[in-house]
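Order of the sequence lines sets the chain letters (A, B, ...), proteins ahead of strands, with each chain counted from 1. Small disclaimer: the values here were computed from a predicted structure and weren't measured.
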Amino acid sequence: MSETNLNKDNSNLTEEPATTRNFIHDLIDADLAPGGRFAGMTVHTRFPPEPNGYLHIGHAKAIIIDFGIAEQYNGLCNLRMDDTNPSKEDVEYVEAIKEDIHWLGFDWGDRFYYASDYFEQMYELARDLIRKDLAFVDEQTAEQIRVGRGTLTTPGIASPWRNRPVEESLDLFARMRAGEFADGTLTLRAKIDLNSGNFNMRDPVLYRILRAHHHRTGDDWCIYPMYDYAHPIEDALELVTHSLCSLEFEDHRPLYDWVIDNLDLPAKPRQIEFARLGINYTVMSKRKLRRLVEGNIVSGWDDPRMPTLSGLRRRGYTPASIRNFVDRIGVSKVNSTVDYAFLEHCLREDLNHNARRVMAVLRPVKLVLTNYPADKTETFEVENNPEKPEDGNRKVTFSRELWIEADDFAETPVKGYFRMFPGNEVRLKSGYVVRCTGCDKDADGNVTTVYAEYDPETRGGNTPDKRKIKGTIHWVDSKTALPAEVRLYDNLFTVEDPDSAERDFMDHINPNSLEIIANAWVESSLAGTKASLSVQFMRNGYFCLDSVDSSAEKLVFNRSVSLKDSWKK
RNA sequence: UGGGGUGUCGCCAAGCGGUAAGGCACGGGACUUUGACUCCCGCAUGCGUAGGUUCAAAUCCUGCCACCCCAGCCA
C-alpha cells in the first residue's frame with residue numbers, strides 16, 4: 001500500500017450532465033404533491049454503510065443516488081454508520097468510508113451519525129413493543145427458530161414462548177441486557193404473522209445476545225438490534241423521508257413498515273428499492289474483496305486492481321468520471337450488468353478533456369540523431385493539454401540522444417506500419433521530423449540503438465514545405481530524463497468469460513495482473529511534481545501518477561491496462 | 001409448489017394508447033503534431049411469448065414462459 005495518494009484532484013467536471021430522471025423521482029414527486037405522503041416537506045435521505053469494509057464502485061451508485069436525490073430536491077442527506085453488528089465492524093473502515101465519500105464529491109455537513117447512537121432509544125422502543133404485546137422473549141435455539149419458521153409452502157409454527165405474559169418478557173428482556181444469559185440463548189422476537197408467505201414476517205428476531213466488543217460502545221451492550229428492527233428506527237429518528245436501498249430489501253419493506261407503524265416515532269420514512277450495480281469482469285461483494293485482501297492476492301483494499309473507490313482512485317479514476325458513469329447507467333429495478341468498457345469510456349472522456357499530458361517511454365530503445373551536435377540542447381515549449389490552452393505549456397529538452405518506445409521502430413515494417421523504419425520519416429512530437437537511417441542490434445538480434453537524421457527546418461514538428469508526416473511518436477531526452485518504475489495493472493481476473501469473475505472468482509485470478517517495468521523514462525518536467533496528473537500514454541489510454549516523490553530514486557507510476565489492451569495481446 | 005420482483009438492440013436505458021430517444025460496444029468514412037481524440041454515416045418492421053380490446057398497443061386486459069431475491073440470532 002503506498003503511503004500517499006496524490007491523485008486526489010477533483011478534476012473539473014466539465015459541465016456535469018443534468019441527472020436524468022428515473023422512477024425514484026416519479027415516486028418522490030407524488031409524495032411531495034398536495035395530498036401526498038410528504039406534501040410540503042423537505043426530502044431527506046441517508047447513505048447507511050456498515051463499517052465492515054471499504055466502499056466500492058457499487059456503493060458509489062448508492063451514494064450518488066442518495067446524495068444526488070437530496071441535492072436535486074434541495075433536501076438533505078445524512079451519512080450514517082450502520083454499526084449494529086460489532087463482530088464485523090471496525091473504526092478503520094469508518095475513516096476510509098468518510099474519505100472516499102468526500103473524494104467522490106459529496107458532503108453530509110454536520111449530519112454524521114451512528115446507529116449505535118440510538119441503542120438506548122431502540123431498547124426503550126423494544127420495551128414498548130413488548131408492552132403492546134407485539135414482541136416476546138423467545139427461549140428457542142437458533143435451530144428451533146429456523147425449523148419453526150416453516151418452508152416455502154408450509155406456514156411457520158408458533159414458538160412455545162409466544163404467549164409469554166408481557167411482564168415476563170419485560171423482565172427477561174431487561175435481564176438479557178443485564179448480561180444474565182449466554183450468547184444465543186434468548187432472543188426478542190416480533191409477533192407478526194406465521195402464515196405470511198414472506199419469511200420476514202414470521203416472527204422475526206429483533207434482538208440477539210452477542211458479547212463482542214463494539215468499536216464505539218465498547219462492552220456497554222451485550223444485546224444488539226437486528227437490521228430489520230434497527231434500520232427503520234434509525235431512519236425515523238433522523239427524520240428521513242425516503243430510505244433508498246437495493247432490490248434485495250424489497251421483501252423487508254413490509255417489516256420496515258410494520259416497525260414504523262407500531263412504534264411512536266417522529267417520522268414515517270418510505271423505503272424505495274433500486275437495482276444494485278454489477279460490472280462484468282469485476283467482483284462486487286465486500287465478502288469477496290475481503291478474501292482478496294486477506295489472502296494477500298492484492299496489496300490492500302486500495303490496490304489499483306480493486307473495484308474499491310480507493311483502488312479506482314489509485315488506478316487514475318477521477319471522481320467526475322465515476323459520477324458521470326453512475327449518472328449515465330441510470331437507475332431502474334432491472335438486474336443488470338454494465339460493460340466494463342463503459343466505465344473505461346467515462347474515464348477516458350474525462351481525462352481527455354482535463355488531464356495534462358506528459359511524455360514517458362515505457363520500453364525504451366535509444367534513438368541517436370547522427371547529424372545533431374553532441375553538445376547541443378534545445379528546449380521546446382509543449383502544450384500541457386491540446387484541448388485547454390489555458391493549461392499552458394511546459395518546457396521539454398531535446399538533444400542528440402533520445403529514448404523512444406521500442407515498438408515505435410521496426411527494422412522490417414509489417415504492411416501498413418507507418419512509424420519508424422529505415423528510410424521512413426516520422427515526427428518526434430513537438431520536436432523535429434527525422435528520417436530513420438538504420439539500427440544496431442545485440443548478439444541476440446535485439447535492437448539496441450536506432451539511428452536517424454533530423455531535418456533542421458522542422459523545429460517544433462512543423463513542416464514548412466507542408467509535406468505530410470504520417471507518423472508521430474513520443475520521446476524523452478536521454479540527458480535529462482528521469483528514471484521511473486511503472487506498474488502495469490491488467491485486469492485482476494482473466495477475461496475469457498465475462499461472468500466468471502463473479503462466479504468462481506478465486507479460480508480466475510490473472511497471475512500476470514501486475515507487471516513492474518523498472519527501466520522506463522519520463523520527462524524531467526515531472527521532477528518534484530506534487531499535484532497529480534494523468535498522462536496520455538502512447539496511442540491508447542492513460543496512466544496516472546500513483547505517488548511521486550522527487551527525492552526517491554525513481555518515480556513510481558501506475559497504469560492499468562484496459563481490457564481492450566488485454567484482448568489485443 | 002409460497003411470497004416479492006424483473007423482462008425494449010451484444011451491454012445499459014428512454015418510452016406511460018398515436019405508430020421504437022440516447023449512450024457504450026461494433027462496422028464504414030473524414031480529419032489529425034501520437035494508428036488516440038474529434039467528426040460524419042450505419043446499427044430493433046421490433047419491445048419475453050400467445051391471445052384479446054382498440055381506427056391505433058412496447059404502452060390496456062388475460063394466459064403462459066424465463067430470470068433474480070427470500071427460510072441469518074448478517075446487513
* **Passing option when S332(A) is tested against N335(A), V334(A), I329(A) for side-chain contact (heavy atoms from CB on, under 4.5 Å)** => V334(A)
* Could you grab the distance from atom CG of L343(A) to atom NE2 of H345(A), nearest 0.5 Å is fine? => 11.0 Å
* Structure fact -> Paired with S243(A), the side-chain hydrogen bond (donor to acceptor under 3.5 Å, both in side chains) test is passed by just one of E273(A), E238(A), Q271(A), R46(A), namely R46(A)
So which protein nitrogen or oxygen atoms get under 3.5 Å of nucleotides 64-69 of chain B's nitrogens or oxygens?
unit_1	atom_1	unit_2	atom_2	d
rC68(B)	O2'	N335(A)	ND2	3.2

* Asked: Applying salt bridge (Lys or Arg N to Asp or Glu O under 4.0 Å), which residue pairs with at least one partner in residues 199-210 of chain A are found, sequence neighbours left out?
  -> R162(A)-D203(A)
* **Donor/acceptor link under 3.5 angstrom from R419(A) side chain onto base of rG35(B)** => yes
* **C1'-based separation of rA21(B) from rA14(B) [nearest Å]** => 6 Å
* Asked: Side-chain N or O of T20(A) less than 4.0 angstrom from OP1 or OP2 on rG22(B)?
  -> no
* **Spacing of E273(A) atom CD relative to rU6(B) atom C1', expressed in whole Å** => 13 Å
* **Residue K333(A), side-chain atoms from C-beta onward, closest of rG35(B), rU32(B), rU6(B)** => rU6(B)
Atom pairs under 3.5 Å: protein N/O with N/O of nucleotides 71-73 of chain B:
unit_1	atom_1	unit_2	atom_2	d
rC73(B)	OP1	R149(A)	NH2	3.0
rC73(B)	OP2	R149(A)	NH1	3.4
rC73(B)	OP2	R149(A)	NH2	3.2
rC73(B)	N3	G184(A)	O	3.0
rC73(B)	N4	Q140(A)	O	3.0
rC73(B)	N4	A142(A)	N	3.1
rC73(B)	N4	G184(A)	O	2.9

* Report yes if a side-chain nitrogen or oxygen of S332(A) is closer than 4.0 Å to either non-bridging phosphate oxygen (OP1 or OP2) of rA13(B); otherwise report no. => yes
* Among side-chain atoms of D228(A) and H252(A), is any donor-acceptor pair under 3.5 angstrom? -> yes
* Based on Watson-Crick and G-U pairs with both distances under 3.5 Å, what dot-bracket line describes RNA chain B 5' to 3', crossing pairs as [ ] and inter-strand pairs as |? -> .(((((((.[[[..)..(...]]].(((((.......))))).....[[[[[..)....]]]]])))))).....
* rC60(B) and rG72(B): how far apart are their P atoms, nearest whole angstrom? -> 37 Å
* Asked: Per the atom types in the model, does the base of rA36(B) pair as donor or acceptor with the side chain of H474(A) at under 3.5 Å?
  -> no
* Mind checking side chain to side chain contact (heavy atoms under 4.5 Å, CB included) for A115(A) and listing every partner two or more places apart, or none if nothing turns up? => D82(A), D83(A), T84(A), E234(A)
* To do: Ignoring backbone atoms, test whether H345(A) places a side-chain nitrogen or oxygen under 4.0 Å from the OP1 or OP2 oxygen of rC24(B).
  => yes
* **side-chain hydrogen bond (donor to acceptor under 3.5 Å, both in side chains) partners for T379(A), two or more places apart** => none
* To do: Please tell me which of the listed nucleotides, rU6(B), rG5(B), rC24(B), lies nearest to the side chain of D339(A)?
  => rC24(B)
* To do: Taking S321(A) for its side chain and L347(A) for its backbone only, find out whether a donor-acceptor pair lies under 3.5 Å.
  => no
